[in-house]
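Remember, it's a predicted structure, so these values are computed and weren't measured experimentally. Each chain gets a letter, A, B and so on, in the order the sequences are listed, and its residues count up from 1.
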Amino acid sequence: MSPGTCRRNAQAAPPLARARRLAFSARASSVAPPMTYDFRAIEARWQSFWDEHHSFRADVDPERPKYYVLDMFPYPSGDGLHVGHPEGYTATDIVARYKRMRGFNVLHPMGWDAFGLPAERYAMQTGVHPAVRTAECIVNFKRQLKTLGFSYDWEREVDTTDPRYYKWTQWIFLQLWGAFYDPTQARARPIDELPIPAEIAAQGPAAVRRYRDDHRLAYLHDAPVNWCPALRVVLANEEVAEQVEKGLVVVRRPMRQWMMRITAYAERLLTDLEGLDWPASVLDMQRHWIGRSDGAEVRFHLVHQHDADASAIEVFTTRPDTLFGATYMVLAPEHPLVQRITTPEHAAAVAAYVERATRRSERDRQADAAEGQKTGVFTGAFARNPANGAHVPVWISDYVLMGYGTGAIMAVPGHDERDHAFARAMALPIVQVVGVVGGGGAHPIADAAFSEPGVAINSGFLDGLPTAAAKQRMIEWLEAEGLGRRRVTYKLRDWLFSRQRYWGEPFPLIHRSTPDGDDEVVPVQELPVTLPELADFQPSETGEPPLSKAEAWVQLPDGGRRETNTMPQWAGSCWYYLRFMDPSNDAAPFSRAAADYWLPVDLYIGGAEHAVLHLLYARFWHKVLFDLGHVGTREPFQRLVNQGMVLGATYLPKDRRRHADGSAVIFKPAEVESLAPASDEWRVKATGELVDVQWDKMSKSRGNVVNPDDVVTQFGADTMRLYEMFMGPLEHSAPWQTDGVAGCHRFLQRAYRLAFDGDASGTADSGPDRLRELPPGEGSDRQRRLLHRTIAAVSERIDRLAFNTAISAMMIFVRDIVEPGEPLHRDALAQFSLLLAPFAPHLAEEIWRALGKPHSLAHEPWPAADEALLVDATFPLVVQIQGKRRAELAISQGASEADITSLALASPEVQRHLAGKTPRRVIYVPGKLLNIVV
RNA sequence: GCCCGGAUGGUGGAAUCGGUAGACACGGGGGACUUAAAAUCCCUUGCGCAAGCGUGCGGGUUCGAGUCCCGCUCCGGGCACCA
């Protein structure tokens, strides 16, 4: 530490000392001015102190255990923070500060997920470059976070839009591009190690290159994608729902796009969820999204082969036991066999249906699905059911999805609701091959499909077998006959990774035309590939990315052309937790040594909205980096907690009337007032109309957003932090209530007066010697017991992340520690300030300093509770009769059960309630309760 | 429709293992201090006059259920033609 900083601190101290002197001298002259809790001065002072002393710097230290506690870093929007952000940040900060005091080497970083559409839109509206706008927003976000006193190691700040950061995002992309997934070893390997089949090698270097390109984890794919005309951008499957919800149209449209082969990792992404300490709902959503199904692949041969390459249709089914009931087949409209098997007389109808299906929006299809409507056309082709040889018609319909299974199904209308609906619509035969167990096989199969497990009927060699056994038997038979095999499929699809936007990471790739006319993609050797300057950020209507307008940047002197798509916003957030470990490394994204020390993230807190997208993508990249030897853990985030939402109030008219455009009429908090000070009833100020309160997610349009700056200005950061945690359990959503903030502020004021004023109770003796240094063991026994109970309670509750109840334990301490006439033990106050430190660090430091401690308490050891003081000489015993509480007795610790029983039976209340009846049985719960049964 | 959560005073919530339901706080009522107000402090506050009744509803297990089991209702979140 430099002498300069020492001097500045020496200068910072006098106001504090002066304040205390003033307080004491004022009391001596019995004027007694109110000692004010000047949180503005206190918070400003300690925030600069922490900055100047680098109090929260973390460095790799193999001698100490590490703890990595991470927030989901924010997108720095123009609106600044709302009070929802600091909820999770406060929780992680409490844990970070607590773990530091527990002796852990704590990594607690913050950064900016700063690529994204809003900055680009802002640029189109105002002409301000996204980089300029982003920098402004970051300044504001950082200022706001700093005023809240979070113990981040700001030297590790990262910004995903900084070329020094995205250089490594590009580098990781090239790792994926340069790798393939080896299913035999179930891991990624360098693409150079990909075995090239002899027949490919024989075709020459171009064929080998194409073969390699087809196996890379990042690959170009020409296929229908989700195109959003309004945004002029393609969307990942995972992103479609969000935009559709906003009312935007998303259509399928063929485009050539970069994909990530996340499907290769489906099984590992699924099974590795097992060891994670994550919320059940997130685990569930990930499992669901990966969507593993166990079943069989079955080959149906075509009856009349018009085309030698189209001899059979492969289907996937989870119900091979129902094969005897397959009465028709359906191909997805995009299925490659459709053109080849369609007979001439059906060609026109099929072509029309395919054309319509490919152009229909996702939304229309979903609407049909919701109504159970099925459409489709017959191809004219027939296939042979391998189980019974029956000739079944082959249809096409958009209820069969090309992206799942084989893009073709065997339809069993008797036992599948969708097939049943289609069969009824198209008048196709329905047969029953599964009977109700014990029900004599009867089921009104014509009316509804029977999709429950049962027992096989009308199924030849399967008859009589329960569903599970019939599945096994059928798979064995198919495998023996060479007609099919066991197969596992996943709903997970490959990740569409390119976007037609400006404000994102450029792909570090160059396209070159080869002599044989192919498009060869080669990596850029020198990273980063920085974004070119651009005046017009709009993609073209046809989907040409904005970067294609930067011709000088795109066109290279050697004839190559740069890739003009950019990466999706997820790219930067996929690995930021890794960069935090080693943020200024310019030789690698992070060192293996740093990774080995800091990984995994021990606690990760953020919103539930990232349950699938971010958390699945980050896990995928992490696994690839694991396979390639860059990290040593299989999973990035060991423990995950989703904080709830902070809700804001809006007010609705009693009749719930709507505006002409259909939107609900709402009143903002500023437009209403309560009927009376105590009233829960609200009315519109202007008209006096009565309205109902409604609590919603905060949003600008609802006008119910609370700005942390206002709360910090009025009450201070410590109050803000405390209230965020006191609202309720971290995982719960809760309304923001200004009255509750004031309650937390009052607690801090009491704590302040306890330390500085000596008049917390208003009745106790006050004076300079009240804060006496008492010899160890002296002071009130009651006070010492209260202190140690508080230490035990706060510690255990932080461990459980039950912050609201930890705060209530501290409130009790401040309320009860000093009774009239009692002095306050200096050590008790010192220990209390340590307990308070994770929650209200500024005030805690202030008290600690006032007690004459020379250093910050940030690294002070956490207080230990004395077990002996947690047990009282007597305990209250509840006496129940017939399970109803009737009396409470003070019992000394060592009393025997027999003594306790006779004491209880002798007590007047018990005698009265027994009313002469004799106890039949007495149940004693040691230290707690005695239940008398009569 | 399916999956995952949840439901406790006027309000946010507490009760970690089946053992005193309502900690702590807000709000309300009363009081002290004050010329007054604010601030602060103290008392009180689940419902009921009471016996009693009370943790969304109906059953059950248990000496004892907010907690466990069965069947529902409602609210929130997710998924949704995935064969």
Side-chain angles (χ1 to χ4, degrees), chain A residues 34 36 241 279-285 287-289 291 293 295 315-319 322 330 365-366 368-370 372-374 397-401 403-406 408-412 415-419 421-422 451 489-493 608-609 611-612 642 644-645 676-680 723 726-729 731-744 746-747 749-750 753 759-763 796-797 800 802 804-812 815 876-888 920-925 927-934:
Chain A
T36 51
S281 60
V282 178
L283 292 175
D284 207 70
M285 281 166 70
R287 284 196 192 102
H288 202 104
W289 194 264
S293 294
V315 301
F316 171 74
T317 177
T318 55
R319 292 295 300 273
T322 62
V330 187
R365 291 188 51 176
Q366 279 175 9
D368 283 0
Q373 288 177 6
K374 295 277 185 286
S397 170
D398 64 5
Y399 87 90
V400 174
L401 310 173
Y404 184 74
T406 62
I409 63 157
M410 64 178 217
V412 185
H415 305 284
D416 181 281
E417 283 174 37
R418 299 150 302 186
D419 295 346
F422 190 83
S451 53
T489 63
Y490 302 88
K491 287 179 198 167
L492 184 68
R493 296 188 223 170
E609 67 272 21
V612 174
N642 291 136
M645 275 184 297
S679 175
D680 280 338
Y723 177 66
F726 193 63
M727 285 193 294
E731 299 86 342
H732 285 196
S733 292
W736 182 271
Q737 291 171 313
T738 310
D739 289 338
V741 182
C744 287
R746 276 201 280 275
F747 160 67
Q749 279 179 320
R750 286 187 198 116
R753 286 198 305 270
D759 200 14
S761 69
T763 56
E796 176 262 349
R797 290 167 190 186
R800 278 166 44 210
N804 53 335
T805 57
I807 293 165
S808 80
M810 290 189 287
M811 286 173 166
I812 292 168
R815 185 190 67 191
L877 178 87
V878 170
V879 183
Q880 294 185 335
I881 296 170
Q882 305 290 75
K884 289 197 196 315
R885 185 180 186 279
R886 294 302 185 194
E888 187 176 305
R920 281 195 296 130
R921 202 176 149 192
V922 176
I923 288 123
Y924 177 55
V925 182
K928 277 192 177 148
L929 169 143
L930 194 78
N931 190 14
I932 300 166
V933 186
V934 293

Is [X] touching bases, backbone alone, or none of the nucleic acid, heavy atoms closer than 4.0 Å?
X: A/V933; answer: sugar-phosphate
X: A/S733; answer: sugar-phosphate
X: A/K928; answer: sugar-phosphate
X: A/G743; answer: sugar-phosphate
X: A/P279; answer: nothing
X: A/Q880; answer: base
X: A/R493; answer: base
X: A/I812; answer: sugar-phosphate

Paired with [N] by Watson-Crick or G-U wobble geometry, both distances under 3.5 Å: which nucleotide is it?
N: B/C81; answer: none
N: B/U35; answer: none
N: B/G54; answer: none
N: B/G10; answer: B/C26
N: B/G66; answer: none

Report the distance from atom [atom1] of [X] to atom [atom2] of [N], rounded to the nearest whole Å.
X: A/R815; N: B/U40; atom1: CZ; atom2: P; value: 17 Å
X: A/F747; N: B/A39; atom1: CZ; atom2: P; value: 20 Å
X: A/R885; N: B/G46; atom1: CZ; atom2: P; value: 14 Å
X: A/H415; N: B/A83; atom1: NE2; atom2: C1'; value: 14 Å
X: A/Q749; N: B/U40; atom1: CD; atom2: P; value: 6 Å
X: A/R800; N: B/C17; atom1: CZ; atom2: P; value: 9 Å
X: A/I409; N: B/A83; atom1: CD1; atom2: P; value: 11 Å

Check the orientation of A/Y723 and A/W736. Use parallel for under 30°, tilted for 30 to 60°, and perpendicular for over 60°.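 Perpendicular.
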Pairwise 5' ranking along RNA chain B for A/I923 and A/A809, keeping only the more 5' one: A/A809
Specify the residue among A/S293 and A/R921 whose closest nucleotide of RNA chain B lies further upstream toward the 5′ end. A/R921
Its glycosidic angle compared against 90° from 0, B/C17 adopts the form syn
Does B/G9 count as syn, meaning its glycosidic angle lies within 90° of 0, or as anti? syn
A/H288 vs A/K491, test: side-chain contact (heavy atoms from CB on, under 4.5 Å). Steps then yes/no. CA-CA 8 Å; A/H288 202 104; A/K491 287 179 198 167; 4.2 Å; yes
Which whole number of Å gives the distance between the P atom of B/A25 and that of B/C3?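 Roughly 43 Å separates the two P atoms.
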Just jot down the salt bridge (Lys or Arg N to Asp or Glu O under 4.0 Å) partners of A/D416, sequence neighbours excluded, or say none.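 So A/D416 forms a salt bridge (Lys or Arg N to Asp or Glu O under 4.0 Å) with A/R418.
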Mark yes or no for a side-chain to base donor-acceptor pair under 3.5 Å between A/D739 and B/C26, with no hydrogen or angle criteria applied. no
Any side-chain heavy-atom pair of A/V933 and A/R920 under 4.5 Å: yes
